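These numbers were taken from a predicted model, which means no experiment stands behind them. Protein chains get the first letters and strands the later ones, always in sequence-line order, with residue 1 at the start of each.
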2 protein chains.
Amino acid sequence: MAHAVAAVPAPPEHELLRGAGLRVTGVRLAVLRALDGHEHSTADDVVRAVRADLGAVSVQAVYDSLHALATAGLLRRMEPAGHPARYERRVGDNHHHIVCRGCGLVADVDCAVGHSPCLTPSETHGFAVDLAEVTFWGLCPECANGP
Amino acid sequence: MAHAVAAVPAPPEHELLRGAGLRVTGVRLAVLRALDGHEHSTADDVVRAVRADLGAVSVQAVYDSLHALATAGLLRRMEPAGHPARYERRVGDNHHHIVCRGCGLVADVDCAVGHSPCLTPSETHGFAVDLAEVTFWGLCPECANGP
DNA sequence: GGCGTTCTCTGGAATGATTCCAGTATCGAA
DNA sequence: TTCGATACTGGAATCATTCCAGAGAACGCC
């Protein structure tokens with residue numbers, strides 16, 4: 001009876017990649033896993049996590065994967081001014097970010113108002129706007145108290 | 001009667017610097033002038049403008065001035081992801097930016113709603129928020145039509 | 001199951017904006 | 001006018017990211 005179910009189901013990450021028309025590779029799977037539960041990781045964080053997972057992997061392989069996945073909409077790239085880029089798997093929803101001026105810590109914020117009032121600029125200067133990005137700046141609890 | 005007014009009034013930039021507690025130097029005045037009518041200039045743009053104005057000036061002098069002026073609140077620094085930082089003299093008002101994905105062109109947008117509903121996040125995670133930054137992304141008319 | 005095309009990964013070097021450093025020049029208060 | 005603090009010079013360094021050419025792996029097709 002153990003073999004009644006035809007095959008081991010492919011892991012969800014596998015499906016995601018196929019669904020997006022991307023080849024399934026070890027590095028890409030490892031990148032997705034690395035970001036699971038570690039939102040707002042830098043490319044460097046991801047490189048370390050992927051190497052802990054797979055062994056030797058080149059920096060470019062990770063950058064390429066991050067690019068491919070971001071372009072396919074499987075992850076989102078955000079770049080706080082003055083900090084390296086950060087990646088997250090939470091996509092498709094309308095959420096924003098708080099960045100700490102002290103340590104660079106990033107936290108998610110759901111849109112303050114539910115729908116998107118600020119997401120339609122008053123005057124577009126003829127631009128075809130496709131995305132509104134809101135970043136809050138401040139100090140995290142740690143940096144606000146610390147020396 | 002011509003000499004009734006005691007002295008030639010200091011240029012407004014001069015006053016601005018003194019008012020902010022900054023020393024008045026040629027480079028700083030030239031940086032402010034360079035940004036006049038050329039909002040959203042890059043550091044490189046400013047270096048070129050300052051050199052056209054004063055002659056030989058080091059890159060660091062311009063970066064130092066930009067930093068000092070930005071810290072003093074006399075200009076604002078904005079850094080669209082993937083592009084060099086840009087500087088503008090329009091400060092203190094609540095305005096945002098549209099950035100072209102094609103050419104990097106930046107335009108000003110007044111807050112879509114007048115006051116600031118989006119500027120108060122729903123949950124701050126304990127952060128002391130002091131600034132909300134809204135960036136719209138899209139294509140400028142030129143890039144939307146061009147090849 | 002093997003084959004070939006096409007995309008991905010490796011390793012190393014390059015880029016570009018920005019910053020660091022030590023020494024010299026300048027600003028402006030006394 | 002002098003002096004201390006601050007700004008500027010020139011050159012080298014940093015850091016995230018990208019470019020490059022070639023070796024390797026995925027997967028549609030026979």
Within-4.5 Å side-chain heavy-atom neighbours: B:Leu16 and B:Arg28: no
So, does the side chain of B:Arg23 form a donor-acceptor pair with the base of D:dA5 at under 3.5 Å? yes
Nearest-angstrom distance from the residue atom CG of B:Leu54 to C1' of D:dT9: 14 Å
Could you check which of D:dA26, D:dG28, D:dA7 has an atom nearest any side-chain atom of A:Arg18? D:dG28
Which part of the nucleic acid does A:Ser58 contact within heavy-atom distance under 4.0 Å: base, sugar-phosphate only, or nothing? base
Partners of B:Glu39 by salt bridge (Lys or Arg N to Asp or Glu O under 4.0 Å), sequence neighbours excluded? none
Outermost DNA chain C nucleotides near chain B [under 4.0 Å, heavy atoms]: C:dA17 to C:dA29
Short question: side chain of B:Arg51, backbone of B:Val57 - any donor-acceptor pair under 3.5 Å? yes
Expressed in angstrom and rounded to an integer, what is the separation of B:Leu17 atom CG from D:dA7 atom P? 11 Å
Heavy-atom nearest nucleotide on DNA chain C taken for B:Ala43 and for A:Val57; more 5' hit belongs to A:Val57
Are A:Glu142 and A:Leu105 packed together at the side-chain level, in the sense that at least one heavy-atom pair is separated by less than 4.5 angstrom? no
Look at A:Thr42 and D:dA16 and indicate whether a side-chain polar atom (N or O) is within less than 4.0 Å of OP1 or OP2. no
Below 4.0 angstrom, which residues in residues 30-40 of chain A have at least one non-hydrogen atom near DNA chain D? none
When the distance from CZ of B:Arg51 to C1' of D:dC8 is rounded to whole Å, what number comes out? 12 Å
Closest heavy-atom pair, A:Val99 versus A:Gly104, reported as atoms and distance to 0.1 Å, is CG1-O, 4.2 Å
Quick check for you: to the nearest 0.5 Å, what is the distance between A:Tyr87 atom OH and A:Thr42 atom OG1? 9.0 Å
Side chains of A:Asp108 and A:His40: is there a donor and an acceptor less than 3.5 Å apart? yes
Within residues 59-80 of chain A, those residues having any heavy atom closer than 4.0 Å to DNA chain D are A:Gln60, A:Tyr63, A:His67, A:Arg77
How close do B:Cys143 and B:Cys100 get, counting heavy atoms only, and between which atoms? SG-SG, 3.7 Å
Would B:Arg89 and B:Glu13 pass as an ion pair if we require N to O under 4.0 Å? yes
In Å, rounded to the nearest 0.5 Å, how long is the span from CG of A:Leu69 to CG of A:Leu35? 8.5 Å
Any Lys/Arg nitrogen of B:Asp110 or B:Arg90 sitting under 4.0 Å from an Asp/Glu carboxylate oxygen of the other? yes
Partner set under salt bridge (Lys or Arg N to Asp or Glu O under 4.0 Å) for B:Arg48, not counting sequence neighbours: B:Asp44, B:Asp45
Can you name the one residue among A:Arg77, A:His38, A:His95 that meets side chain to side chain donor-acceptor pair (under 3.5 Å) with A:Glu88? A:His95
Divergence of helical axes at both termini of the helix from C:dG1-D:dC30 to C:dA30-D:dT1 - five pairs an end, 10° steps: 40°
